[in-house]
Amino acid sequence: AEAKTVITCLTNSGHLTRQHEPLMKEFNEMQDEIEVKYAAPSKDYADTHLKMMRASATDTLPDCAFEAYNQLPALARAMAKRGQIVDLKSLIEAEGEGWKELNYTPGMINLGRVDGVQYGMPFNASVIQWYYNADLFRQAGLNPDAFPQDWDGLFDATKKIAALGDDITPMFMWMINGDDWGFQTLIEMQGGAMVSEDGSKVVFDENGHSLKAMELARRLVTEGGALTDQDSSTQFTSFTEGKMGIWGLSPAGARDMQERVGNAFDLRSTTFTVWNDADGTLPTGGNAAIITTQDEEKVAAAWEYIKFVTGPRGQEVAARITGYLPTNRRTLDDEYLGKFYAENPYYATPIKQYDRAGPWYGYPGTQNQKIWSEQRSVIKSVMEGETSPDDGAAQLKQIAEKLSKR
Amino acid sequence: MNGDSLVRPEWSRVRLAYFLSAPASFLILLIYVLPILAVFMISFTDYSLVYDGFSFVGLDNYKQMFTDRHFLTALQNTLIYAAIFIPGAFVLPLVLAIAIQRRRRFRSILEVLYFMPVTSTLTAMTLVWRALLDSNQGAINNLLVGLGFGKVNWLGDGDVVLISIAMVSVWGVIGFNMVLFLAGLTAIPKNLYEAASIDGADHPLDRFFQVTWPLLAPTALFVSVNTLVTAFKLFDTVAVLTRGGPDRASEVYLYLAYLEGFENFNMAYACALSLVFLTVLFLVAWLQTRLGDRRRTHA
Amino acid sequence: MAGLELRNIRKSFGSTDVLKGLSLEIADGEFLSLVGESGCGKSTLLRIISGLEAPDSGEVLIAGEVVNTASPKDRNISMVFQDYALYPHMSVAQNIAMPLIMARLPLHARLPLVNLVSPRARSIKPVIASEVEAVARQLRIEHLLNRRPAELSGGQRQRVALGRALVRHPKLFLMDEPLSNLDAKLRVEVRKEITELHQSTGYTFVYVTHDQTEAMTMSHRVALLQKGELLQLATPSTLYADPNSVSVARFIGSPEINILPVSVGAEDLRVGTVVHPGLAFNLSSCVQIGLRPEAARLVGSQDVSTDFKLAYNRHLSEDLGHEVLLHGTLAGVQDTPFRLRVSQAIGQRAVLDTQEELFVGFDCSDLLYFDAQGERLRDARFSMAMREAAQ
Amino acid sequence: MAGLELRNIRKSFGSTDVLKGLSLEIADGEFLSLVGESGCGKSTLLRIISGLEAPDSGEVLIAGEVVNTASPKDRNISMVFQDYALYPHMSVAQNIAMPLIMARLPLHARLPLVNLVSPRARSIKPVIASEVEAVARQLRIEHLLNRRPAELSGGQRQRVALGRALVRHPKLFLMDEPLSNLDAKLRVEVRKEITELHQSTGYTFVYVTHDQTEAMTMSHRVALLQKGELLQLATPSTLYADPNSVSVARFIGSPEINILPVSVGAEDLRVGTVVHPGLAFNLSSCVQIGLRPEAARLVGSQDVSTDFKLAYNRHLSEDLGHEVLLHGTLAGVQDTPFRLRVSQAIGQRAVLDTQEELFVGFDCSDLLYFDAQGERLRDARFSMAMREAAQ
Amino acid sequence: MSDIALSQPQPGFLGFLVSLKPRSLADAIGTCLLFLGAWLVLFPFVWMLSASLKPANEVYDSEFSFWPETFMGGVNYYGVLFEQPYLTFLANSFIVCIGILIVQLITAVPVAYALAKLKFKGKSILFGFVVASLTIPINVTSIPIYLGLVEFGLLDTYFSLMFPFFVSVFAIFLFRQFFRDYPDSIIDAARVDGFSEIEIILRLILPAAVPALAAFSVFSVVAHWNDLYWPLIVVQSQNKMTAALSMLQYQSDFDNDYGRTFASATVVTLPMVIIFLFARRLFIRSITMTGVKG
Ligand SMILES: Nc1ncnc2c1ncn2[C@@H]1O[C@H](COP(=O)(O)OP(=O)(O)OP(=O)(O)O)[C@@H](O)[C@H]1O
Ligand SMILES: Nc1ncnc2c1ncn2[C@@H]1O[C@H](COP(=O)(O)OP(=O)(O)OP(=O)(O)O)[C@@H](O)[C@H]1O
Ligand SMILES: [Mg+2]
Ligand SMILES: [Mg+2]
C-alpha cells in the first residue's frame, strides 16, 4: 500500500482529550490514506495563539490548527503575510455547488473569515445562554417554566432571588471575568457591531450602543445583584452549589455544569435575553480549523479531515460531548442530533439561538488583548458605580481607537 | 626579588580555576549572557513575532515606560508582594528548620510533611487553592467563620489578592527554604553549641543569636538572595491563579512583561521592561551578596 | 563538703565502654589532675561533669547536689576544650567576653540591636572589655584581640580558649589539656597564672593533662585513669614514690620507671647477674621490681657503696641539656630496657664522657616490689626488713 | 647537598610580618627541630616549605632545586598538621591510606566506581591495607581503624594524623607538633618510632615542637625562631650550653635559665651580696649572667667549695618526683627570680627536707656572660682567664 | 491507631510510651504547633487526594469530607494511568530531569569550588555573572533560546527540553556557600597527600556537601518535573510530552474533568514525594568537621 499522508494538528489540551481524540480515532479508522496526529496540545487558546505565532515566525508550524475566533484575525493576517495559511476558497469550491450552503449557515461560515478571506472552518461555536436554578426560582415565587424574556423581567426575578438570603447571589454574567465576549454580547444584542464592515474602524459606540451597554452593565450590579469582586470560578461554585439563581455563559460548559451540579437541584438552560430581537446577534465563541501547511498533499489531507470534523458526524460527536453549538447545520437533522436535542432540552438551548450566532470581532492592529484589558478596568468601574456610563462609554471608545492604530 | 616565582604558582592555580569554571561559564554565556544580549538588542527595535522585519527605534521602548501607568502599578504590586512574601518565606522556614532539627523523634515525618508543597505541581495546586480560597464556600473562609471571624474575599479583593498570592507562594516555598536551612544547620559544628552552653548561652535565643545565626550566615545569605530574586520573579502563580486580576491588582512586573511580550506581542517593549527590571534586581542582589560576604568572615 | 563527686559513672559509645563505673570525690577548692593514656576517657569524663554528655548511669554531684539533669549553664562551670571550640565568627575579644556577657547581661540586652541601645549593656560593656583585656594580658594575647581564630597560630588559639575559661569565676574549672600547644616557657608562665588563680580564688579545678610536670606541680591530687577505671588517686608525690601497681608506676614519671624481673630466694634477691644476700625475706610472691631512672646511678668500676652493681650496656644516650638519659640494658636482664637519668650537676656526666664500660648501682631501699599481677607489695615489715638488712 | 634550603623567605599576613627574611639550610637526611614561642611563625614556615603557602619573596629549594612553583603534591613531602586536618568522613584506615592511594594508583583507578573494577586497584589495595595496619600498630591505633575522626579522642586523632604522614616515604617530613596531645609514655614511644624511622631511612625531617625534650633528643640541630627571625641554629647541646644570646638561653631549658644582673669591677664580679675577687677581668661590658637551674646546687652553710655562695629565699617548691624545682630569690638580687633544680638522687633532697635556711652555691665556670643587649660575651680569653682564676 | 496499639501491648510498647513523655511542657506544645502547622501545609494535598476520588459534583462541596459519597477513584486513576501513554510521559520526565540534574551537577560543582576556594582573576566578575543570571527568569530568555534551538533544528528533542537548564546558577551559588565553610586545612592536607584538585572536590568536598547536594538535586528534579513553561514551548509531538504536561489534558476553558485532573496531579506528584523520601536522609547526613582543631 502507498504510504499514508500524515498530518499533524494543534489544539488546546482539554479539547484534545474531550473532542479531538474520538474524532481523530474515528477518522483514521474510516479511511487508510491519511493519518491524523495531534501535536502536543497547548494549554489554552492564548497558548495556541502564542504557539502559532512563534511557529509562524520560525517556520515550525503544524499542518492544521484550531484557533479561537477572536484571535484568528491577528494570526491569519500575520501568517498570510508570510504565505503560511491556506485560503480555503478553492477547496470549498472544489466540493461542488451547494455544498457550502448545505452544511453551513452564512453566519456560521463567516466566523472563519478574516478580511474577506475564508481562512478557517468553524469547529466549535458557542453563544452566551442562561442557565438557571429552577429550585431557587420556585423558592422565590417565580415560575421556572416561564423564564423572563426581557431584561426588566430578568431584573425583577433577580431581585426576588436576592431576597432569599444573604448567601444567595442572584446572577452572574460573563463580563469582566475573562475576554471581551461579554462586552461584545452587550453591543451585538442591540444589533450593533464592534468594528466596521471592512474591519478598519471602531463602531461599537454607534447609535449609543456602548452607552446602553454600560447602563445595562451598571444595572447588572444594582438590580441584578451581580458581583464584580469575585472571579468566575468562585461564582461558578456558588452556582453549582445551589447558591445562585442565574448563570450566563457559554454552552461549552453545559456538560461540565451538569456534572458539577449532579442532582443537587433542577438545572435548566434557556436562550439569552436579547434586546433587539430583530437584529440582535450574539458573539460566537469557539474556534476554527485552519490549514497551515504548504505541501499540497497535506493540504488535501488536512482539508479531508477538516471536512470531517466540521461535517455533520464530526459536529455530532463534538456537540454531544461538550454542549457546543454544532457548526454544521446538518447535525441538527434527526439523523444526527435532532432526536437528542428533542429529548434533552437542557442541551438544546444552543440550537434555539442558532441564528443569533454573530462574529466575535477583533480590532484592527495587534493589540486586541491590550484593548480589552484596559476596557475591562473601565467596565468594572462603571459596574461598581465609580464611573458614569457616559464617561465609561467614552473611555471605551478612546481606548479602542488609540490602541487599534498600532 | 624573584618576580617569576611570585607569578607562577599563582598562575597554576589560576589556570586550574579557569579550567574548573570553563564549562559552567560557557553555558552561562550560552544560556544567559547571549540571550540577554539579544534581548538587549531587541529592546532598541520594534521587533515582534507578528512581523518579520524590524527597525531600530532607539530608546523609544524605554521612554514608553514612563508613560505606561501599568508599569508603575506592576512595580508597586511587585514591591508590595515582595514585602509580604520575603519575610514569610525567610522567617517561617528558618524557625521551622531550627524547631525541627532539634527534635529527634518526629523530625523525619515533619520534614516530609513540610516539604510536600515543594513537590506539588503548580497548575494542579492552583485549582486546589482556588477551591480553598473560594470566598463563598472555601475551606479557609469556612474555618475563619468557624473561628468567629468574617469571610475574606481572597482572590476578588484587590487589596487582599497580593496577600493571598504571597500566602500560596510562601506555602510552596516553606519546605524548599527549610531544607536549605536544615542543610546549613547540619554544617554547624556541634562543639560550638557545647562551648556556648558552657559559656552560659543556653537560652534558645542566645543559642540562635550567638551561634546559629552567625554560622548559618552563608546559607542565610543564599536563601535571602534567592528569596528576594524569587519574590521579584513571581510569575507562575499569578499566571495561573489570578491572571493579574482583579483589575490588575495582582499584575506583577514579570507578568506585565509577559503580557506585553506574549499576549500583546510587543516583544521589544517587553524586552525593555525586563531589562530595566533585571538591572535593578541584579544590583540589589549583588549588593546583598557583597554585604553578606563581608559580614561573614570566618574561614 | 565535696566540691565535686562522681558516683559510679558509666558511659559507652556504642560498643566501646569508655567509663566503667568511675567514682571520685574532689574536695571544695581542690586542684585535681586527671591523667591517663590517650583514649582512656579523660575528655569524656570532663564532658560528663560539665553536662555536655549524659552518663549512661551514675551520678554527678556538684557542691553536694546531684546535677545529672542540670544543664551545663546551671552547673556554673568553665571549661577549656581540647579542640578549643572557638567561635569562628567572633574576634578573640568577643570569644573571651562571651561568658561574661552571658552572665552579666539580661537576656534582652544580649539580643542583637537591642544591645546597642540597652543602657545596661552599654554600661557593662567597658567593664567587660577591661576584664577581657586583663585576661588577654595574662595570656600574652592582648595584641590579638581583634583577630579571628582563623588568623591565629595553634598556641594562640589555645590561649584564647583558656582565656574564655579564665575570665569567668565559676565554682568549677574543667580544663582539657589547656597548655598542650604552648611552648615550654609560656607554659611555665601560664601554669603559674593558673596556679595563682587557683590559690587566690579557691575554686575547684579538674585538669586534664598529659604533661607530668603540670600534673605534679599544679595539683593537690592526681587521678590516674586507665581504660575507664580509676587506678589510683593520690597526691603527686605519693603517685610517684608510692604507686599502687606497676601500671601506675609505669605511667607516672618520664622516662618510664625501670621494671625488672627478679627472682626471690628464701633470703636473697636476684637482679640480673647480681644476688643480694642476707635479706630477712618473707614475701615470696615478688617477681618484679621497679626502679626510677634517677634512683640508680653510674658508679665507678671499683665502687661498692651500693647494694647492687651491674654492668650497663648503653644503647642510646639523649642529652637534654640539664641531664642525659641513657637507654640500655643491665647485665643479665638483656630483654628489659633499663633507663638511667644522669644529672649534669654532680660529675656523673664526666663519668659518662670518659668511661667506656659503665656500671650502674642502686640500693634496695629505692626499689618498689610487685607481684605477678603487678600489684605493689607494700608490706611494711618487708621493706623495713630489707632496709635494715641493707644497712 | 642540602636536603632543604630556604633563602631569605618573607611572608606577611596583611600588616603582620610573620617571616622576615629567613634563610636556612638543612642537610640531606638531617633532623631539624624548629622551636620558638607561640606565634613566631613555625607553622607558617612549614606551610611555605610544603608549598601550601607562597612566600612573599625568597626561594625554597628541595634537594637543590628551586621548588617555588611546584605544587605540594610534586614536592614529595609528608606533613603532620598542627590541627590534625583529618578527613572527617573517612575512617581512620582510609585517612592513613590516602597518601598511598594517591601515590600508587593512577588517576583513573582512583575514581569512584572505576576503582572497583580496576585490576591495578584491586591488586594494590591489600598491599596498602597491610602497610596501613603496620603503621597503625606502631602508633597503637590498630583497634580504631574503622572509626571516624569524630569518634576519637584528641590523642588518637593526633596519632592518625601522624600515621598519615608516616605511611608514606617521601623525601621530606614536615611535622607540626605531632605529639602535643599524647601522654608522656606514648610520647616517648612514638618519639622513638620517629627517631628510628629517621635513622633507618635517612629522610630529612623538619620538626616543629615546643617540647624541649623532643627537640633536644631527636634532632641533629635545632633552629630557634623568634618573631620571624632565626635566632640560632645549632646542635641541641650547643644551644643549651653555649647559647648566642639571652633570648636563646631563656628559651631553651625548662625551668628557664636564671638571668642575674651583675656588676663587673676591674678584677672582680659581684652577684648579689657576694663578690668574687681576683679575676683577670678584661671585658667590662658584661652586665648580666646566666645560670642554669641545675648548675647551682644547695650547699651546707659551712660549705665553701663553690666560687659563689648566697643565701636562698625559697618561695615555692615543685616536686616533680624525680626532682624538685625551687623558685625563689638570692640574697641581694630580690627582684630576679632564681630557680633551682634539685636532684633527688644525691642527697640534695635531704638538705631540702631538713634545713630551714638554704644556701646556693655555683662556680664561675658554669656562668654565661651577656652584655646589655643580651649578646653573649664568648671571648675565649675571657672565659679561660676566668677558669684559671677560679682554679 | 493508638487504641489498636493499646489493645495489643507489645514488648517495647511501654518503653515507647515512656519515651513519648514530653521532656517539658514547652516541648510538647512546640510539637503540637509543628504538627498543626504541618496539617495546614498538608491540607491542600489532602484536598487534592480527596478530590481525585470524587465525581465532579462532590469536588467543590462546601462541606469537606475526605471520603466521597460516590467513589470515582478507580475510574479517575484508571483513566490517567491507562487511557493515555502515561508511562511514556513518565519516562520523558525522568529522562529530562535526570539529564538536567547530571549536567547541572557536573558543571556547577567545579565552578562553585573555584569560586569558594581558589583565588583567580575574574572571580568576582564570574560570581557577578552567577548572581546576575540568578535574577534572570526563563520568560525573558525563552525567545532567544527558542530561536537558537530552531536554528539548529533541535526543537522537540530531549536536548531542547534540557538545554536551558544545563547550568544552574542556583546550584553554583548554593554550592559556593557550602564549600566556603569546608576547613582549608583539610584541603591543604589533601594537597600534601597528593590529591589533585579534582579529587579534592570528589573525595572531600562532595561528601561533606551531601546535604546541599541532596537538597539541590531534589529541588532541581522537582522543579523540572513540574515545569510547564518550557515544555509548552519546545515540545511539539505528543511522544515528547512530560508527565506534568499530561496533567493539563483534562482542563479547558469551560470544561474541566476535575477528578482526572487531580488524579493526574496526584500521580505526577507521587514520584517526587518518593524521591524526596529517599533523598531526605542525605539532607541530614552531616559530617562533623572534627578532623580539625580550633
Ligand atoms: N591567616 C592569618 N591572618 C593573619 N595572621 C595570621 C594568619 N595565620 C597566622 N597568622 C599570624 O602569624 C603568626 C605566625 O603564625 P604561625 O601559625 O606560623 O605560628 P606558630 O609559630 O606555628 O605558633 P604556634 O606554636 O602557636 O602554633 C601568628 O602571630 C599568627 O597570629
Ligand atoms: N563519639 C564517639 N564514638 C565512639 N567512640 C568514642 C567517641 N568519642 C570518644 N570515643 C572513644 O572513647 C574513648 C575515650 O575518649 P576520650 O576523648 O575521653 O579520651 P581522652 O582520655 O580524652 O584521650 P586523649 O588524651 O587522647 O584526648 C576513646 O577510646 C575514644 O576513641
Ligand atoms: Mg581528650
Ligand atoms: Mg603552629
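Only a predicted model underlies this, so the values are computations on that prediction, with no experimental measurement involved. Just so it is clear: chains get the letters A, B, ... in the order the sequence lines come, proteins before strands, and each one is counted from 1.
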Close aromatic pair by centroid cut-off 6.0 Å: Phe262(B) and Tyr146(E):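 Aromatic pair excluded; centres sit 6.0 Å or further apart.
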For Phe129(E) together with Phe282(B), are the ring centres under 6.0 Å from each other?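 Ring centres of Phe129(E) and Phe282(B) not closer than 6.0 Å.
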Side chain / backbone / both / neither for [X] at chain E, heavy atoms under 4.5 Å:
| X | answer |
| --- | --- |
| Ala38(B) | side chain |
| Ser120(B) | both |
| Trp171(B) | side chain |
| Phe19(B) | side chain |
| Leu273(B) | neither |
| Ala139(B) | side chain |
| Leu275(B) | neither |

Side chain of Asn226(E), backbone of Leu122(B): donor and acceptor closer than 3.5 Å?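 Looks like no, no N/O pair under 3.5 Å.
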Looking at side-chain heavy atoms only, is the closest gap between [X] and [Y] below 4.5 Å?
| X | Y | value |
| --- | --- | --- |
| Ser124(E) | Arg290(B) | yes |
| Met125(B) | Phe45(E) | yes |
| Phe43(E) | Leu132(B) | yes |
| Pro117(B) | Val41(E) | yes |
| Trp286(B) | Phe127(E) | yes |
| Phe115(B) | Val218(E) | yes |

Can you tell which part of [X] gets under 4.5 Å to a heavy atom of chain B, answering side chain, backbone, both or neither?
| X | answer |
| --- | --- |
| Ile106(E) | neither |
| Leu270(E) | neither |
| Ile143(E) | side chain |
| Phe166(E) | both |
| Val221(E) | neither |
| Ser264(E) | neither |
| Lys117(E) | neither |
| Val167(E) | both |
| Phe262(E) | side chain |
| Tyr229(E) | side chain |
| Ile136(E) | both |
| Leu248(E) | side chain |
| Ser142(E) | side chain |
| Leu174(E) | both |

Which residues in residues 230-241 of chain B have a heavy atom less than 4.5 Å from any heavy atom of chain E?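 Residues of residues 230-241 of chain B touching chain E at under 4.5 Å: Lys233(B), Phe235(B).
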Heavy atoms under 4.5 Å from chain E: which residues of residues 27-36 of chain B carry them?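 Within residues 27-36 of chain B, near chain E: Leu27(B), Ile28(B), Leu30(B), Ile31(B), Tyr32(B), Val33(B), Pro35(B), Ile36(B).
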Of Ile198(E), Val111(E), Val109(E), the residue whose pairing with Leu20(B) passes side chain to side chain contact (heavy atoms under 4.5 Å, CB included):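 Passing option: Ile198(E).
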What distance do [X] atom [atom1] and [Y] atom [atom2] have between them, rounded to the nearest 0.5 Å?
| X | Y | atom1 | atom2 | value |
| --- | --- | --- | --- | --- |
| Trp47(E) | Trp129(B) | CH2 | CH2 | 11.5 Å |
| Leu113(B) | Leu40(E) | CG | CG | 11.5 Å |
| Phe216(E) | Leu180(B) | CZ | CG | 10.5 Å |
| Ile100(B) | Thr31(E) | CD1 | OG1 | 10.5 Å |
| Glu111(B) | Leu34(E) | CD | CG | 11.5 Å |
| Lys121(E) | Tyr18(B) | NZ | OH | 7.5 Å |

Heavy-atom pairs under 4.5 Å with chain B - which of Ala265(E), Ala215(E), Ala38(E), Ser168(E) has more of them than the others?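 The candidate making the most pairs under 4.5 Å is Ala38(E).
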Could you go through the side-chain contact (heavy atoms from CB on, under 4.5 Å) check for Phe276(E) and Val179(B) one step at a time? CA-CA 11 Å; Phe276(E) 175 73; Val179(B) 160; 4.3 Å; yes
Which residues pass the side chain to side chain contact (heavy atoms under 4.5 Å, CB included) test with Asn141(B), sequence neighbours left out?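 Applying side chain to side chain contact (heavy atoms under 4.5 Å, CB included) to Asn141(B) gives Ser135(B), Leu144(B), Lys151(B), Val152(B), Trp154(B).
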Heavy-atom pair with the smallest gap, counting every atom of [X] and [Y]:
| X | Y | value |
| --- | --- | --- |
| Ala24(B) | Ile172(E) | CB-CD1, 4.1 Å |
| Tyr114(B) | Leu33(E) | OH-O, 4.4 Å |
| Leu134(E) | Val229(B) | O-CG1, 3.2 Å |
| Ala17(B) | Ala114(E) | O-CB, 4.0 Å |

Candidate pair Val225(B) and Phe173(E), rule side-chain contact (heavy atoms from CB on, under 4.5 Å), full reasoning: CA-CA 10 Å; Val225(B) 171; Phe173(E) 195 170; 3.6 Å; yes
Any residue meeting side chain to side chain donor-acceptor pair (under 3.5 Å) with Ser224(B), in chain and number order, not counting sequence neighbours: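 Per chain and number, Ser224(B) pairs via side chain to side chain donor-acceptor pair (under 3.5 Å) with Gln288(B).
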Top contributor to chain E interface from Ser108(B), Gly175(B), Ala131(B), Gly261(B) [non-hydrogen pairs under 4.5 Å]: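 Highest number of pairs under 4.5 Å: Ser108(B).
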Relative to chain E, which of Val112(B), Ile42(B), Val39(B) shows the most heavy atom pairs under 4.5 Å?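 That would be Val112(B).
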Test Leu221(B) against Gln177(E) for side-chain contact (heavy atoms from CB on, under 4.5 Å), laying out the working first. CA-CA 8 Å; Leu221(B) 169 65; Gln177(E) 297 301 91; 3.4 Å; yes
Whether over 12 other heavy atoms sit under 6.0 Å from Ile125(E) CD1: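 Not buried by this count: 12 neighbours or fewer within 6.0 Å.
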Should the pair Phe176(B) and Phe170(E) be assigned to parallel (<30°), tilted (30 to 60°) or perpendicular (>60°) ring geometry?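 Geometry flag for Phe170(E) against Phe176(B): tilted rings.
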For Phe35(E) and Phe106(B), take the angle between the two ring planes, folded into 0 to 90°, and tell me which bin it lands in: parallel under 30, tilted 30 to 60, perpendicular over 60.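 Perpendicular, since the angle between the ring planes exceeds 60°.
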